[in-house]
Amino acid sequence: MTQIDPQEYQKSLDRLSGILSGIATHADVQATFRCPYKNRFDQCTAHFGCRNQRKPQEPGGLFQCGSDDQLDYRSAWETDQRPATPGRGQIRCDGTSYPLSTGGTLFDYADQLGARVPTSCGRTGHCHECIVEVTSGTQALNAPTPAEEFLGGEFRLACQAKVEDADVDIEFAPLFRTPRILTQTVDRPAEIDPVVQRRGQAIYYGDEEIDQYRGHLYGLAIDLGTTTIVLDLVDLETGESVHLSAFENPQRFGGSDIMHRISYDGQHPGELRQALVKALNHEIADLCRRGGFVRQEIYEIVVAGNSTMRDILFRLDVQSIGQKPYKSSIEHEYLSGERTATSLVEKTRRLGLKANPKARAYSLPLIASHVGADVAADLVAVDMDLSSESAMLVDVGTNTEVVVAHQGRLVAASCPAGPAFEGGGITYGMPGCDGAIESIRWDGARWQWETIGDTAPAGLCGSGLIDLLAELRRHDLMTPKGVFADKKRQFELVPERGITFSRLDASNLAQAKAANFCGQYIVLRTLGLNPSDVQQLYLAGGFANYVDVQAAIDIGFLAPVPTARIAKVGNAAVQGAREVLLSADKRARIEALAKRIEHVELETTPDFFELFVDGCQFKPMPQKLSAASA
């Protein structure tokens with residue numbers, strides 16, 4: 001019997017996987033633009049009116065289709081799917097409302113309300129892209145269909161959820177919302193020495209010729225956040241950012257934090273990855289349309305993200321990250337000597353991402369456990385390895401990461417803060433989208449607020465929540481333990497909009513704040529530092545850039561480093577990913593640096609519980625940190 005060469009066998013599997021992925025990608029593109037009722041003779045087979053229907057070529061024959069397959073065809077359909085029987089209820093999405101009638105789907109009403117809900121299957125329930133969160137009125141909808149069996153709780157497919165009781169108000173929100181894009185990054189010149197280069201009219205990936213020049217040489221830098229995803233389209237020849245875009249991570253139906261998503265991925269393998277890849281491809285297609293280029297001109301994608309987000313994209317099993325010792329399968333292989341680094345390189349075709357057929361996706365290295373490739377990108381953006389002074393990086397998010405450099409040592413920790421400061425679990429919490437209260441003050445009689453986009457308030461985002469907590473403490477409206485003055489159960493923040501803040505909200509924020517508190521406290525103490533010893537604190541992350549630093553210090557969200565030493569570095573993760581995309585040298589440097597960083601498991605610290613309880617109080621961190629108890 002002929003012996004099978006394992007390497008050749010794997011190469012064959014990879015080729016087959018690439019072919020199948022290409023077929024699937026082509027089908028996705030076709031489904032987006034080519035109407036399913038258009039046959040191979042460009043004739044319309046629909047049994048309803050459409051503005052693209054043209055005179056039949058033969059009397060009594062099928063209408064000809066006049067669509068050019070360049071624009072979404074659904075807007076031309078002349079179907080009146082709105083039921084004839086109206087009710088007393090209203091349906092609301094993103095601050096806009098519309099009268100209800102029975103029989104219509106949430107997708108129908110999304111059209112009426114102008115809400116952006118993605119789909120690539122013609123609203124048949126097959127693509128699983130049109131997930132929405134129904135925040136009120138779920139009882140007015142039909143029972144979930146078999147196509148929705150992977151969803152739970154308040155999540156539905158917009159194309160499957162039909163209104164059965166039009167007298168009940170319904171409110172829903174697409175998972176694919178556009179948050180405020182943080183464009184501020186570290187202002188520094190770019191080193192242009194990418195892995196992908198043009199030599200004459202040939203395009204090379206390293207020493208391999210992969211294509212002929214098509215007019216553009218582009219790369220993508222992606223920050224895969226648990227809550228928000230940011231893409232930066234970069235010109236690899238000039239180093240310029242061509243376009244920066246952001247959207248909410250569509251995986252929220254699997255849980256708002258990392259551990260819930262790991263659990264969900266174990267129960268429904270592939271669903272989270274499918275949602276992510278389709279959202280990325282939707283955005284890539286939009287970039288191509290906006291910029292007038294084709295996806296084949298994207299030659300490399302650099303990915304920064306926490307360990308779980310990264311590994312889901314790269315088709316890896318993430319269950320080990322959710323179990324002690326909380327390490328990626330890649331980290332396990334690195335520690336056992338099976339690989340030399342925790343970075344990854346994969347063909348974009350195998351990942352299902354729309355780019356040049358020979359493009360690669362590169363992920364920055366993981367640091368350890370939940371301290372992932374996003375932190376590695378942060379370190380690139382601030383050149384922390386070159387700093388001779390005591391420096392501290394705090395990247396605020398669903399998982400806050402802390403890195404401190406002192407006298408040649410670097411120590412890192414991950415703080416499982418959860419989504420509270422990004423709106424999760426807070427009655428009127430929301431991401432940093434239009435309508436979010438980003439700043440709030442108490443004038444002694446009423447609350448004064450400002451919203452993103454200067455629109456009517458819909459809730460509070462992270463910076464607004466920190467402001468609110470600081471104001472409640474500053475005016476003695478709340479004790480450090482979160483007890484409201486005059487035994488109130490809640491505060492009416494915007495009475496005319498029904499926006500409130502309850503003691504339960506304060507409790508959820510206290511626990512999230514405590515995780516941040518413990519991470520900073522323990523890492524500083526590990527290096528024998530007090531907050532005043534830190535010469536530079538880099539504050540990274542989307543909402544952190546808009547936080548009132550003094551308010552954050554006052555409630556113990558940030559270590560009391562003198563404010564003059566605190567630098568907001570914007571979205572450092574996408575900045576670092578961009579710099580690695582443009583510089584092979586920086587890629588090598590961060591891979592070497594990642595191996596030097598020491599990792600601290602917070603929960604193994606002897607006095608972690610005592611510190612966490614203390615951190616739940618809304619008061620500043622001590623200037624002098626106590627030694628660890630035995």
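No experiment lies behind these values; they were computed from the predicted model shown.
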Donor-acceptor pair, [X] side chain versus [Y] backbone, under 3.5 Å?
{"X": "R295", "Y": "L353", "value": "no"}
{"X": "Q319", "Y": "I262", "value": "yes"}
{"X": "N142", "Y": "Q160", "value": "yes"}
{"X": "E438", "Y": "C461", "value": "no"}
{"X": "S320", "Y": "K327", "value": "yes"}
{"X": "Q575", "Y": "A381", "value": "no"}

According to side chain to side chain contact (heavy atoms under 4.5 Å, CB included), who are the partners of [X], at least two apart in sequence or on a separate chain?
{"X": "D395", "result": "D378, E401, A540"}
{"X": "T96", "result": "L113"}
{"X": "A458", "result": "M430"}
{"X": "D235", "result": "Y218, E237, T238, V242"}

Problem set entry | Non-neighbouring partners of F150 that pass ring-ring contact (aromatic ring centres under 6.0 Å, His included), sequence neighbours left out | H128, F253
For this session: Only counting residues at least two apart or in another chain, list the ones meeting ring-ring contact (aromatic ring centres under 6.0 Å, His included) with F155.
Result: none
Under 4.5 Å between any side-chain heavy atoms of [X] and [Y], yes or no?
{"X": "V345", "Y": "F314", "answer": "no"}
{"X": "I91", "Y": "L106", "answer": "yes"}
{"X": "K358", "Y": "I203", "answer": "no"}
{"X": "L224", "Y": "D374", "answer": "no"}
{"X": "I258", "Y": "V318", "answer": "no"}
{"X": "I284", "Y": "N281", "answer": "yes"}
{"X": "M259", "Y": "P416", "answer": "no"}
{"X": "R360", "Y": "V195", "answer": "no"}

Minimum heavy-atom separation for [X] and [Y], please, with both atom names.
{"X": "A221", "Y": "V574", "value": "O-CG2, 3.8 Å"}
{"X": "S256", "Y": "P419", "value": "OG-CG, 3.2 Å"}
{"X": "D265", "Y": "G270", "value": "OD1-N, 3.7 Å"}
{"X": "G125", "Y": "A147", "value": "O-CB, 3.7 Å"}

For this session: Could you name each residue pair satisfying salt bridge (charged side-chain N to carboxylate O under 4.0 Å, His left out) that touches residues 211-222, not counting sequence neighbours?
Result: D211-R214
Exercise. How would you list all residue pairs meeting salt bridge (charged side-chain N to carboxylate O under 4.0 Å, His left out) that involve residues 142-161, not counting sequence neighbours?
Worked result: E148-R156
Problem set entry | Point-to-point distance, once rounded to the nearest 0.5 Å, from OG1 of T348 to CD1 of I301 | 5.5 Å
Could you work out, with side chain to side chain donor-acceptor pair (under 3.5 Å) as the rule, every residue matching [X], not counting sequence neighbours?
{"X": "Y362", "answer": "E591"}
{"X": "E209", "answer": "Q212"}
{"X": "Q201", "answer": "none"}
{"X": "H260", "answer": "D257"}

Exercise. Hey, are S329 and D311 close enough side-chain-wise for a donor-acceptor pair under 3.5 Å?
Worked result: no
Exercise. Thinking salt bridges, do E300 and R587 make one under a 4.0 Å N-O criterion?
Worked result: yes
